[in-house]
Every structure is written in structure tokens, then in C-alpha cells.
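This report concerns only the one structure given below.
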Amino acid sequence: MNRTQKSLLRTQKGFTLIEIMVVVVILGILAGIVVPRLLDRPEEAKRTKAATDLRGIEQALAMYKLDNGFYPSTEQGLQALVTKPEIGRVPTRYRDGGYLKKAPTDPWGTVYVYLSPGTQGDFDLLSYGSDGEPGGDGNDADINLWDLE
């Protein structure tokens with residue numbers, strides 16, 4: 001190594017305190033912008049999952065009707081997609097293993113609301129959202145199957 005190379009190595013030992021502080025400030029600004037946006041995402045993800053669940057349940061209900069000629073009653077509920085109903089109108093061509101693996105609950109741990117016949121057609125299917133109560137605004141708003149189409 002010649003003398004010029006040695007002198008360059010001595011001057012390039014690491015970052016200065018000012019450079020490190022500039023990077024920390026930039027990271028802080030980015031975190032201040034990004035973190036609030038990410039904190040809102042879990043509720044949005046739950047609402048998206050509920051909408052996806054409703055569409056999946058709708059498909060299972062369609063298969064139930066295709067096999068049996070009718071939808072489960074409100075009394076039988078969505079449990080009729082898991083195990084063969086023993087009350088009300090009992091299906092004669094119920095699929096072995098059912099139509100769903102387990103009774104569905106929404107992302108907030110509440111059972112989906114199923115009414116048959118429904119106010120919007122053959123059946124109503126919905127989640128009451130994060131508050132678990134009918135109605136509401138924003139994240140508390142109901143997620144209705146008929147609004148997804």
C-alpha cells in the first residue's frame with residue numbers, strides 16, 4: 001500500500017455524528033408518516049375478511065340449495081352447513097361432510113347473522129361489524145352480503 005492509500009483509509013473510518021443524526025431524523029419522519037397509516041389497516045383487514053367470508057358462505061348456501069332444493073331456515077342457521085339439520089325441514093340429499101368445516105364467525109368473534117327468508121331475497125347474510133350491534137358508521141358499520149354485489 002502506498003502513502004496515499006493509507007491516508008484515504010484513515011480518513012474513511014466511519015460515519016460522523018451528524019450523518020447518523022440526519023439518518024435518525026429521516027427515519028423518524030418516515031415512521032411518523034407510515035405508522036399511523038399502518039395502524040388503521042387491521043380494522044380494514046378485518047372488514048375485508050368479513051366480506052370474503054360472506055361470499056364463501058354464500059357459495060356454501062348455493063351448494064346446499066343445489067343439493068336439497070331449499071336454503072336452511074333461520075332456525076337451522078349456518079350450523080346447517082356444518083352438520084345435517086335435525087329440526088325443521090330436514091334435507092334428504094345432504095352432502096357427506098357438510099358444506100363448511102366449522103360454523104363461521106366474523107373477524108370480531110361474533111356469529112354471522114343469517115335470516116331465511118330474508119328481507120333482501122332468499123336469505124340475508126351479514127356481520128354487525130366491530131361493535132357487534134346493528135347499524136353503525138365507519139368500522140362499526142354492518143357488512144351486508146347484498147352491499148358487496
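Nearest heavy atoms, Asn68 versus Tyr99: ND2-OH, 3.4 Å. A pairwise comparison of heavy atoms in Asp122 and Ser116 identifies O-OG, 3.3 Å as the closest pair. For the pair Leu61 and Pro72, the tightest heavy-atom approach, listed with the atom from each and the gap, is CD2-CD, 3.7 Å. Closest of all the heavy-atom pairs between Ser127 and Asp106 is OG-OD2, 2.8 Å. Shown here for Arg47 and Asp142, the closest heavy-atom pair between the two residues is NH2-O, 3.9 Å. In terms of heavy atoms, Pro91 sits closest to Tyr64 at CG-OH, 3.4 Å.
Between the side chains of Asp53 and Tyr112, a donor-acceptor pair is found at a separation under 3.5 Å.
With rounding to the nearest 0.5 angstrom, the CZ atom of Arg95 is 8.5 Å from the CG atom of Leu66. Taken to the nearest 0.5 Å, the CG atom of Leu125 stands 11.5 Å off from the CZ atom of Arg55. Asn144 CG to Leu54 CG: the interatomic distance, rounded to the nearest 0.5 Å, is 8.5 Å. Atom-to-atom distance recorded for Leu126:CG and Ile143:CD1 is 9.0 Å, nearest 0.5 angstrom. Within the model, atoms CG of Asp124 and CG of Leu115 stand 5.5 Å from one another, a figure rounded to the nearest 0.5 Å. Atom CZ of Phe123 sits about 9.0 Å away from atom NZ of Lys65, to the nearest 0.5 Å.
Using a 4.5 Å heavy-atom cutoff, the side chains of Ser130 and Glu43 are in contact. Ile87 is listed as a side-chain neighbour of Glu75, based on a closest heavy-atom distance under 4.5 Å. Annotation: side chain of Thr110 is not in contact with side chain of Thr105 (no heavy-atom distance under 4.5 Å).
Cluster annotation: Leu78 and Val90 are assigned to distinct hydrophobic clusters (Ile/Leu/Val/Met/Phe/Trp/Tyr, side-chain heavy-atom contacts under 4.5 Å, transitive). Note on Val111 and Leu100: separate hydrophobic clusters, where clusters join Ile, Leu, Val, Met, Phe, Trp and Tyr whose side-chain heavy atoms are under 4.5 Å apart, directly or indirectly.
Within the 3.5 Å criterion, the main-chain N or O of Ala80 finds a donor-acceptor partner in the side chain of Tyr94. A distance-only check finds a donor-acceptor pair linking the side chain of Gln76 to the backbone of Arg89 [under 3.5 Å].
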